[in-house]
Amino acid sequence: MGKSAKTINSPASVPLRWTAALFVISAAIVAGAGTLFSQRIERFPIKPPGNRADDEFRQISRRVDELERLWESALDEEASRLLASGNADGDFRVAGIVQASRLNPRISESARAHFRTDGAAPRVKPVLAKFARNDSGEWPFPDDTVASASGWVETADRPLAWRHGNGRTAIVFLLDPREAEAVAAEDLRGRIGTAESEPGAHSWEGPDGIPWLVQGKIPAARPDEILRHPSRFGDWTLRRFYPVRVVTSYRLPVLLGGFALGGLLLAGGVAVISWQRKAARLAEQRVSFVNRVSHELRTPLTNLLLNADLALDGLPVSDAKVRRRLGLIREETARLSRIVDNVQTFARIERGNGETRPAACNVAEIVAILRDTFAPLFARKSISCEFDCRVAGEVGIDPDALAQILSNLLSNVEKYAGESATARVAISAGGGELRVEVTDSGPGVPAAARKRIFLPFERAGSRVDEGATGTGLGLAISRDLAEAMGGRLVLEDAGGGAKFRLSVPLAERSRA
């Protein structure tokens, strides 16, 4: 059978390195937050020196005016051509014309004189005022429209129009400035670029508001400058975005406050770590002292038990009084020996050196020894204890740990079950584990104490344990030993009295 060892993990305090890391991180977070909140970032747009963008805009504005005059001239020439040819069939040669209407004072049926570039029905019907009948879509013009003159016709609820008359007939063009704008934009795009090297960004927009030339990266912010030039095509716009200078400053009170709090946290961390180190050293000294004292007590206690046994064996049976006194000495010496065992085990657990080592052991022999040990103690209080061990042969378990757990549970029965109580110890093995149940008919454990009886130095605190001796370590050590062996020790609800259940897995080879 192979041997294995499991170390008991004691509920020690948080390691000092984690405490130090926590304080350092907290101080860094506080100082960083102070720096962040104290930070003030300001952005200042700076207009580039020189007037390259302004000069370019003025040049573009002059070119727009020139293109507008060229458009006027082209419209006038197209109207003259149509008047001279006497036809307006929709085949127009100037951009922007969508409909042409011929007005003649001698022709009242003007619907036949409207021509569109797409051949559709006229959207608006220009007519001379004297022929107007207030029909839907009619656009009345003054009778003198046919006079020898030309020019723009701008009405709030009507499209842009151009009229041209020769004294007898007039041509009225309905215009779509967007078509002319597209032609103008192509002309303007080739003339822009003198301000391309200027810092910042520029966005040129036509009358439809859609950028048709962008220089630089346009930020998601309002333009620093907007230059707009109105025309017959619509408004031409230059949006300028100046380069930005970012200035970072810090509010000194907030910054100093953050670093001050961070410094206080660090100082507090140093103080706490120093205190923890002193407390750890003191606790280690105390545990070491208790361990040394317990170790020193082990030898005289062993000698007392041995000599008490020898004295009892050597006394005549008739000398009952002396035998009774020697028996009391032996019982109390055994009780003190169990207390010393618990103290030494607790000291090992606190140092993290507690180990359990499964080995082949005879559980029945361990139970027999404990039964003989506790028989005088139970007899003194008239406690009837039944032992039912159904484990035959050897099994793989730590014999010392099992013996100490059973000893502590039986000691609890002797101390707290009360006079004339009954108790039962049932031990069985199956399914790869050892199961132990220790029950008694005593008053049981108060409900308020059920969660804390497994803590070190805790006791039930009922009237039954008044005057009972003990350190309050037995159950805490027993649970730690059970968990170290991979098992568990629990207090179950028995409906009366106390019932402890221990389950411990057996070593693999013992199951075969």
Side-chain angles (χ1 to χ4, degrees), residues 61-188 190-191 206-208 229-234 236:
S61 299
R62 287 193 293 269
R63 180 58 181 171
V64 168
D65 294 339
E66 184 179 352
L67 291 173
E68 185 177 324
R69 290 191 294 270
L70 292 173
W71 193 29
E72 291 177 5
S73 177
L75 291 172
D76 213 39
E77 290 179 4
E78 181 68 4
S80 298
R81 183 184 70 83
L82 294 178
L83 286 175
S85 65
N87 189 20
D89 57 5
D91 185 16
F92 308 124
R93 303 175 182 178
V94 179
I97 301 176
V98 295
Q99 178 180 311
S101 300
R102 183 184 296 274
L103 303 182
N104 192 315
R106 294 176 297 176
I107 303 176
S108 61
E109 187 61 49
S110 60
R112 298 178 182 176
H114 304 300
F115 300 92
R116 290 178 57 87
T117 56
D118 54 5
R123 184 179 59 178
V124 180
K125 300 176 182 178
V127 297
L128 293 176
K130 66 179 182 178
F131 297 130
R133 299 177 182 178
N134 296 323
D135 291 339
S136 175
E138 281 189 347
W139 185 0
F141 278 76
D143 294 342
D144 61 357
T145 301
V146 299
S148 298
S150 61
W152 297 103
V153 180
E154 293 179 295
T155 306
D157 58 343
R158 301 294 184 178
L160 180 67
W162 174 268
R163 72 173 183 86
H164 177 81
N166 59 5
R168 297 181 304 275
T169 305
I171 294 294
V172 176
F173 290 138
L174 296 188
L175 306 174
D176 184 357
R178 291 175 299 179
E179 293 185 7
E181 170 203 340
V183 177
E186 284 298 321
D187 180 86
L188 297 177
R191 300 173 182 271
D208 56 3
H229 179 70
S231 70
R232 301 291 180 182
F233 306 107
W236 302 83

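These values consider heavy atoms only, across backbone and side chains, with no hydrogens, waters or symmetry-generated copies. Small disclaimer: the values here were computed from a predicted structure and weren't measured. If you read the sequence from its start, that first residue is 1, and numbering goes on from there.
Minimum heavy-atom separation, Leu103 to Val146: O-CG1, 3.7 Å. Taking all atoms of both residues into account, the shortest heavy-atom contact from Leu174 to Pro159 is CD2-CG, 4.2 Å. Of all heavy-atom pairs between Glu179 and Gly96, the closest is OE1-N, 3.3 Å. Taking both residues in full, the closest heavy atoms of Ser101 and Pro126 are given as OG-CD, 3.3 Å, listed atom of the first, atom of the second, then distance. Shown here for Val94 and Ala74, the closest heavy-atom pair between the two residues is CG2-O, 3.5 Å. Between Gly206 and Glu181, the shortest heavy-atom distance links the atoms CA-OE2, 3.8 Å.
Expressed to the nearest 0.5 Å, how far CG of Leu128 lies from CZ of Arg106 amounts to 12.0 Å. Separating the CZ atom in Arg232 from the CH2 atom in Trp71 is a distance of 9.5 Å, to the nearest 0.5 Å. A distance of 7.5 Å separates CG of Leu188 from CZ of Arg63, quoted to the nearest 0.5 Å. The distance from atom CD1 of Ile97 to atom CD of Gln99, rounded to the nearest 0.5 Å, is 11.5 Å. Atom CD1 of residue Ile171 and atom CG of residue Leu82 lie 5.5 Å apart, to the nearest 0.5 angstrom. Considering CG of Leu175 and CZ of Phe92, their distance stands at 10.5 Å, rounded to 0.5 Å.
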### Task
Go through Val153 and Val172 one step at a time and tell me if the side chain to side chain contact (heavy atoms under 4.5 Å, CB included) criterion holds.
CA-CA 9 Å; Val153 180; Val172 176; 5.8 Å; no
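Between Phe233 and Trp236, the angle of the ring planes goes over 60°, which puts this pair in the perpendicular group of the 30/60° scheme.
The number of heavy-atom neighbours closer than 6.0 Å to CZ of Arg168, taken from other residues, nucleotides and ligands shown, is 12 or below.
Not one N or O on the side chain of Lys130 forms a donor-acceptor pair closer than 3.5 Å with the backbone of Asp143. Glu138 contributes a side-chain N or O that, together with a main-chain N or O of Arg133, makes up a donor-acceptor pair within less than 3.5 Å. In this structure, Arg163 contributes its side chain and Thr145 its backbone to a donor-acceptor pair below 3.5 Å.
Arg102 is not listed as a side-chain neighbour of Phe115, based on a closest heavy-atom distance of 4.5 Å or more.
Electrostatic pairing of Glu78 and Arg81 counts as a salt bridge here, judged by a charged N lying under 4.0 Å from a carboxylate O.
When the side-chain contact (heavy atoms from CB on, under 4.5 Å) test is applied to Ser150, the partners found at least two apart in sequence or on another chain are Asp76, Trp162, His164.
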